[in-house]
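See below for the structure under consideration.
Letters go in sequence order (proteins before strands), and every chain restarts at 1.
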Amino acid sequence: MTKPTLAVETLSICSGCEIAILDLHQALPGVLDAIDLKYIQVLMDFREPPKEGVTVGFVSGGVRNEEQVELLHKMRERSTILVAFGACSAFGGIPGLANLHTKDELLQEVYIDTVSTVNPKGVIPHKVVPPLLEEVHPISDFVKVDYVLPGCPPPPKLIAELVTCLLEGKEFRLEPKTVCDQCPLIKDEKSVTNFIRWGTKKIDPERCLLEQGFQCLGPVTQGGCEARCPTALAPCRGCFGPTENVHDQAAKMIGAIGSVVVQDPTKAPAPEQIVKEIPDLIGTYLRFSLAASTFKKALHTNVVKTKKGVKA
Amino acid sequence: MSQKGKTIKIAPVSRVEGHGAVTIQLDQQGNVADAHFHVMDVRGFEMFMQNRPVEEAQRIATRMCGICPVSHHLASAHAADALYGVDPPRTAKMLRELMHHGQMIHSHTLHFFYLAAPDLLLPNTGPEERHVVTLLKKNPDLVGKIIRLRQVGQNLIEATGGRAIHPVTAQPGGISQPLSEEKRDDLLKQVNEAQSLATELLPVVRPLLDKVELLDELQTGYLGLVTPKGELEVYQGNLRMIDSTGKKLAEFPVKDYLKYIGEHVTDYSYLKFPFYRPWGWPKGIYRVGPLGRINVADDMSTPLAREEYTTIKAKFDKPWNHTFLYHWARLTEILNSVEKAHQLLTDSHITDTDVTREFTIKGGQGIGVIEAPRGTLIHHYTANPDGILTKVNLIVSTVGNNGGMDQGVKNMAQRHIKHGKIPHQTRQNRSTDREQHRNGGTSL
């Protein structure tokens, strides 16, 4: 019997997703025994996925340029099961924050306006290199996706579970839990009177970070990571994306904020005060999912892109 | 100049991080007229990190590189400390440094043993089989050791950084969590094991490491951090720039980097090309990473690494312009980081619980530096009075080698392609094209 095959296509990446596969460590040889790894540019010298068909295709990275659109379609055509592997592929990821700027602004900043750049002729790279798209896309903007494995990067344990499920012909599904559901920190009472910037106050190592007034996206983020960031006393920034049935982490988070504020109206902060205390709402609440959020549509209608960012 | 002939394009370049391509322009006689290394992707961190709070930058910058996220996390923390004017407690600095040595162990093991070693250890294998999975089938014991060595590196990062990939704990003024004594004891055992593994693995590959003729020499400057005594340093210190003869050109704190470093832009690569500013482009091309660091340093600071360094020095006069010696320098640095991690873990202050300093949000400038596995990494932030980034400049380790990679690709193409004949892929040219550009990868 021929073994099922695995191919990994990498679009606009940092390589963290591929390292996550290697971080199976001692379990890696077993996985490679069960599934034939046929294509992964970071590790092997094949220049494209096998033509004769791929059982499981992982795609990591968002779609940033024209060449990546072609690579993505090729991978879809050749794969029986296509997995959006990691936050960038699934929701655009952190590089999706570039959608707050136009493509031309981005090129101008990187190649002309940065302080150490010496570019008197204003050269912008354009030969051989693929042209950028106007914005960053999750892969689902272009192709049908069979499974999503979120995370930045996906934890190795979930990678092994996914591969096992697919090999056994089972459906893979993350449990309908939030990061909060898996977090060991103690949730106590609705007592926040003001929100504070990360690091500006000592952390209580026992208590819920959000209830201490720090921004933490645990309540609105899909679980499965075993709450690895809050466990290390660093707030969740939402890399698993929204929970099922929630389309937009930002909209949901605004609700979650209301639920931790002290309920006594004489002590409760005014809404305008709260807004002031969260200086970068988009970059905090949509850090990984801007490119897939409803806000993205607003970017094109109600929100004006300005020279240096976005004005609501 | 002769008329143009055929163009050869190799894309994608594999077994490197990110997306690269090589183009070789032949003249009408079929000889190499020009050749370039192209980085094919740009994400624009210098743009979209703007408008983010300074204290969030540590957790955004990591995504520039999934192999060296610790370097970005910590260079960003260094810049944020400077900007907010907050000096982390001693233990916080020690834990950050421990995290960084974990990354050196992981990344260097990956780079040499997973990516480069198949070329050296499987010389007669075809390209479709020349990778770590084949090595695993042929020599599971060896690969088992390699896997474990890299795992110890990742475990050090996870214990201090919360996660092995894209760590989260460094913040302006410190680190979010202390290290428990229980975890310390476990890590110390692992580091001892890593030292044994590294000293077992080195003799396996050492006979291959002096084959410097496999790659051309390249006359460039070098840049890297040094300790106050001039020893190799990867975490903090002054930057030292030397020329290709070993003459010291400058030694400076990173806050003065704009006097010494500029970045050139070409129309054929998304990756910029840094240069020694007083010499201009292209005369001021320099290289970074293990070879750069070991070239600028006068010595190593730990016993095993010093022994290895002395062995190399007995064979080759410094500075080492041989690109192939990147490998040996990299393996020497694995020893250095294992020994440094051991020193940190046996210091009683490592488990102190005072690991943060509170700070007040303000505006200003902050510049941070660290030696990422592939070279000097600089983060330069400007913020408004609300602590929101208004300008971000990043000189990543990848760019530090861009000039060298571009030139190296051309040299190798000229050496191997004559009258339109492209040699069959031999061990020689394979290992060559890899190492030339593996020292780079993704753009910003």
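- Using a 4.5 Å cut-off between heavy atoms, B:Val392 contacts chain A through its backbone alone, with no side-chain atom that close.
- Here the shortest heavy-atom pairing between A:Arg197 and B:Pro53 reads NH2-CB, 3.7 Å.
- In this structure, chain B has no heavy atom under 4.5 Å from any part of A:Cys17.
- For the pair B:Val42 and A:Arg64, the minimum side-chain heavy-atom distance is 4.5 Å or more.
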Original post:
Passes salt bridge (Lys or Arg N to Asp or Glu O under 4.0 Å), B:Lys391 versus A:Glu109? Steps please.
Top reply: CA-CA 10 Å; B:Lys391 198 80 183 163; A:Glu109 182 66 23; 2.9 Å; yes
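- Only the side chain of B:Arg163 has a heavy atom closer than 4.5 Å to any heavy atom of chain A.
- Side-chain atoms of A:Arg47 come within 3.5 Å of backbone N or O of B:Pro12 as a donor-acceptor pair.
- A distance of 6.0 Å separates CG of B:Leu258 from OG of A:Ser116, quoted to the nearest 0.5 Å.
- Comparing A:Cys152, A:Pro155, A:Pro95 by heavy-atom pairs within less than 4.5 Å of chain B, the highest count is held by A:Cys152.
- Between chain B and the options A:Leu233, A:Ile40, A:Thr200, the largest number of non-hydrogen pairs under 4.5 Å is found for A:Thr200.
- Residues A:Lys127 and B:Ser269 have side chains that never bring a donor and an acceptor to within less than 3.5 angstrom of each other.
- When heavy atoms are compared at a cutoff of 4.5 Å, B:Val133 approaches chain A solely by way of its side chain, counted from C-beta outward.
- A pairwise comparison of heavy atoms in A:Trp198 and B:Glu55 identifies O-CG, 3.3 Å as the closest pair.
- Annotation: maximal heavy-atom pairing with chain A below 4.5 Å, among B:Arg52, B:Gln177, B:His38, occurs at B:Arg52.
- Of the listed residues A:Ile112, A:Ile19, A:Leu28, the one with more heavy-atom pairs under 4.5 angstrom with chain B than any other is A:Ile19.
- Interatomic distance, A:Cys14 SG to B:Asp41 CG, rounded to the nearest 0.5 Å: 11.5 Å.
- Contacts of A:Pro235 with chain B are made by both backbone and side-chain atoms, with heavy-atom separations under 4.5 Å.
- Using a distance-only test at 3.5 Å, with no hydrogens or angles considered, no donor-acceptor pair links the side chain of A:Lys201 to the main chain of B:Phe359.
- Put simply, of B:Arg150, B:Glu129, B:Arg148, the one with the most heavy-atom pairs under 4.5 Å next to chain A is B:Arg150.
- Note that NE2 of A:His126 and CG of B:Asp267 are 5.0 Å apart. Values are rounded to the nearest 0.5 Å.
- Side chains of A:Leu100 and B:Met47 form no contact here, defined as non-hydrogen atoms less than 4.5 Å apart.
- Proximity to chain B is absent for every atom of A:Pro154, based on heavy atoms less than 4.5 angstrom apart.
- Without hydrogens or angle criteria, B:Thr356 side chain to A:Gly199 main chain gives no donor-acceptor distance under 3.5 Å.
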Original post:
salt bridge (Lys or Arg N to Asp or Glu O under 4.0 Å) between A:Arg237 and B:Glu56: does it pass, once the steps are laid out?
Top reply: CA-CA 10 Å; A:Arg237 285 291 172 261; B:Glu56 294 292 326; 2.8 Å; yes
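- With chain B as the partner, the residue from A:Ile203, A:Thr114, A:Leu37 showing the most heavy-atom pairs under 4.5 Å is A:Thr114.
- At a 4.5 Å heavy-atom cutoff, B:Lys137 makes no contact with chain A through either its backbone or its side chain.
- For B:Ile175, no part sits under 4.5 Å from any heavy atom of chain A, backbone or side chain.
- With chain A as the partner, the residue from B:Gln151, B:Met40, B:His131, B:Gln171 showing the most heavy-atom pairs under 4.5 Å is B:Gln151.
- With a 4.5 Å cut-off on non-hydrogen atoms, B:His106 touches chain A through its side chain but not through its backbone.
- Taking 4.5 Å as the limit, every side-chain heavy atom of B:Trp281 sits out of range of all side-chain heavy atoms of A:Val118.
- Nearest heavy-atom pair, A:Leu11 versus B:His19, reported as atom, atom and distance to 0.1 Å: O-NE2, 2.7 Å.
- The distance from atom SG of B:Cys65 to atom CD1 of A:Ile13, rounded to the nearest 0.5 Å, is 9.5 Å.
- Remark: side-chain polar atoms of A:Tyr111 are paired, donor with acceptor, to backbone N or O of B:Tyr270 under 3.5 angstrom.
- B:Arg43 places no side-chain N or O within 3.5 Å of a backbone atom of A:Ala98 that could act as its donor or acceptor partner.
- Side-chain contact check for A:Ser15 versus B:Ile67: some heavy-atom pair is nearer than 4.5 Å.
- With a 4.5 Å cut-off on non-hydrogen atoms, B:Ile60 touches chain A through its backbone and its side chain both.
- Contacts of A:Pro205 with chain B are absent, with no heavy-atom separation under 4.5 Å from either backbone or side chain.
- Side-chain atoms of A:His101 and B:Asn51, non-hydrogen and from C-beta on, do get closer than 4.5 Å to each other.
- In terms of heavy atoms, B:Gly44 sits closest to A:Val110 at CA-CG2, 3.9 Å.
- The contact between B:Arg277 and chain A is made entirely by side chain atoms (from C-beta outward), counting heavy-atom distances below 4.5 Å.
- Minimum heavy-atom separation, A:Ala232 to B:Val168: CB-CG2, 4.5 Å.
- For chain A, no part of B:Ala80 is nearby; none of its heavy atoms comes within less than 4.5 Å.
- B:Gln154 places a side-chain heavy atom less than 4.5 Å from the side chain of A:Asp23.
- Most heavy-atom pairs under 4.5 Å with chain B, from the set A:Pro153, A:Gly283, A:Pro156: that is A:Pro153.
- Heavy-atom pairs under 4.5 Å with chain B peak, among A:Glu18, A:Gln26, A:Glu67, at A:Gln26.
- For B:Phe273, no part lies under 4.5 angstrom from a heavy atom of chain A.
- A side-chain donor-acceptor contact under 3.5 Å links B:Glu358 to the backbone of A:Lys202.
- With a threshold of 4.5 angstrom between heavy atoms, A:Tyr39 does not approach chain B through any atom at all.
- Of the atoms belonging to B:Leu136, it is side-chain heavy atoms, and not backbone ones, that fall under 4.5 Å from chain A.
- Between A:Ile94 and B:Thr62 there is no side-chain heavy-atom pair separated by less than 4.5 Å.
- For A:Thr117, the parts lying near chain B are the backbone and the side chain together; criterion is any non-hydrogen pair under 4.5 Å.
- Side-chain contact between A:Asn99 and B:Phe48: absent, with no pair of heavy atoms (C-beta onward) separated by less than 4.5 Å.
- Annotation: the span from A:Ile124 atom CD1 to B:Thr266 atom OG1 amounts to 11.5 Å, rounded to 0.5 Å.
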